[in-house]
Amino acid sequence: MNQHHSPLIYLVDDDDAVREALALLLKSVGLRAEGFASPQQFLAQHDRHGIGCVVLDIRMPGISGLDVLDTLAAGSDLPVIMLTGHGNVDLCRRAFKNGAEEFLQKPVDDDVFLDSVQKAVRQHIARRDKQAASLAAQQRLQRLSGRELDVLQRIADGMTNKEIARELALSPRTVETYRANVFAKLEVDTLAQLIRHYLLLLPQR
């Protein structure tokens, strides 16, 4: 099954009742959940390459939720929703500063919780899709010859075929051929697509 179709929600909380209640709630809307009473166990076992999000209690024995958040931020792009029974402005500010997507206070409202989780998962999928598209674009750029890349950079600069031909000491017909090759290898049909997908990936001239 495609990972996009089967996100996994990690529930990290030392309160068994909270984990079980949230897992049932997530199951009611078709989301998979996996519970961990120990943050150390979660850090050792979670799939940092998977799609989903982490629901993380801020106060746990051994290692705090904020420390777990820091550890995740260093090696994973999984979005994190912080839960706390002792909400205050300082904790909230620190959680957001450290990269949390949301900060919810227990007892959390069911609808607010589900909305937050579903939003986090949607954003995670969107980020992964953007990363995949960027990687694919970079791989297509590597198909270009040195001269094709020269032409592409000048197309991106807004130069006409005649201007490119003059600058590169080529015939306009040769520039047309290179231009056609660039569009074919990069799998674009229009100049707008070319600029949108490749402008930021081009090396600086």
By side-chain hydrogen bond (donor to acceptor under 3.5 Å, both in side chains), which residues pair with Asn161, not counting sequence neighbours? Glu176, Arg179

Does the side chain of Leu26 reach to within under 4.5 Å of the side chain of Val55, using non-hydrogen atoms? no

Point-to-point distance, once rounded to the nearest 0.5 Å, from CG of Leu141 to CG of Leu152: 6.5 Å

Going by heavy atoms in the side chains, are Leu186 and Leu144 under 4.5 Å from each other? yes

The criterion is side chain to side chain contact (heavy atoms under 4.5 Å, CB included); which residues satisfy it with Leu135, sequence neighbours excluded? Gln138, Gln139

Pair listing, side chain to side chain donor-acceptor pair (under 3.5 Å) test, anchored in residues 112-126, at least two apart: Asp77-His124

Which residues pass the side chain to side chain contact (heavy atoms under 4.5 Å, CB included) test with Arg59, not counting sequence neighbours? His86, Leu91

Between atom CE of Met82 and atom CG of Leu56, what is the distance when rounded to the nearest 0.5 Å? 4.5 Å

Closest non-hydrogen atom pair, Pro61 against Asp14: CD-OD2, 3.2 Å

Pairwise distance CG(Leu22) to CG(Asp15) - rounded to 0.5 angstrom: 9.5 Å

Test of understanding: with ring-ring contact (aromatic ring centres under 6.0 Å, His included), list the residues that count as partners of Tyr10, not counting sequence neighbours. Phe42

By side-chain hydrogen bond (donor to acceptor under 3.5 Å, both in side chains), which residues pair with Ser134, not counting sequence neighbours? none

Which atom names give the shortest non-hydrogen contact between Leu78 and Cys53, and what distance separates them? CD2-N, 4.1 Å

The side-chain hydrogen bond (donor to acceptor under 3.5 Å, both in side chains) partners of Thr174 (sequence neighbours excluded) come to Ser171

Check: Val12 and Asp57 side chains under 4.5 Å, non-hydrogen atoms: no

Return each pair, listed once, that meets side chain to side chain donor-acceptor pair (under 3.5 Å) where at least one residue sits in residues 25-38; pairs must be two or more places apart or across chains. Ser6-Arg32, Ser38-Gln40

If you round to the nearest 0.5 Å, how far is CG of Leu25 from CG of Leu114? 4.0 Å

Val54 vs Ile9, side chain to side chain contact (heavy atoms under 4.5 Å, CB included): CA-CA, chis, key distance, verdict: CA-CA 6 Å; Val54 183; Ile9 314 305; over 6 Å; no

Does Ile58 form a side chain to side chain contact (heavy atoms under 4.5 Å, CB included) with Leu83? I'd like the steps, not just the answer. CA-CA 6 Å; Ile58 207 163; Leu83 291 185; over 6 Å; no

Measure the shortest side-chain to side-chain distance between Ile125 and Ile51 over non-hydrogen atoms and say whether it is less than 4.5 angstrom. yes

Output every pair passing side chain to side chain donor-acceptor pair (under 3.5 Å) with a member in residues 182-200, not counting sequence neighbours, ordered by first then second residue. Arg140-Tyr198, Arg143-Glu187, Glu148-Lys185

Can you sort out the partners of Leu168 under side chain to side chain contact (heavy atoms under 4.5 Å, CB included), two or more places apart, ordered by chain and number? Arg147, Asp150, Val151, Arg154, Ile164, Leu170

Show me the donor-acceptor pairs within less than 3.5 Å that the side chains of residues 96-104 make with the rest of the protein, sequence neighbours left out.
{"from": "Asn98", "atom 1": "ND2", "to": "Asp70", "atom 2": "OD1", "distance (Å)": "3.0"}
{"from": "Glu101", "atom 1": "OE2", "to": "Arg127", "atom 2": "NH1", "distance (Å)": "3.4"}

Output all residues satisfying side-chain hydrogen bond (donor to acceptor under 3.5 Å, both in side chains) with Thr177, sequence neighbours left out; order by chain, then residue number. none

Please give me the minimum heavy-atom distance between Ile81 and Ala120, naming the atom from each residue. CD1-CB, 4.3 Å

Main chain of Met159, side chain of Asp157: is a donor-acceptor contact present, judged purely on distance under 3.5 Å? no

Following the transitive rule for hydrophobic clusters with a side-chain heavy-atom cut-off under 4.5 Å over Ile, Leu, Val, Met, Phe, Trp and Tyr, establish whether Val29 and Val18 coincide in one cluster. yes

Close side-chain approach of Leu72 and Arg48, heavy atoms under 4.5 Å: no

Contact summary for Ile63 and Pro39, nearest pair of heavy atoms: CG2-CG, 3.0 Å

Shortest non-hydrogen contact from Leu11 toward Ala23: CD1-N, 3.5 Å

Test your reading of the model: is there a side-chain donor-acceptor pair from Arg19 to the backbone of Asp13, 3.5 Å cut-off? yes

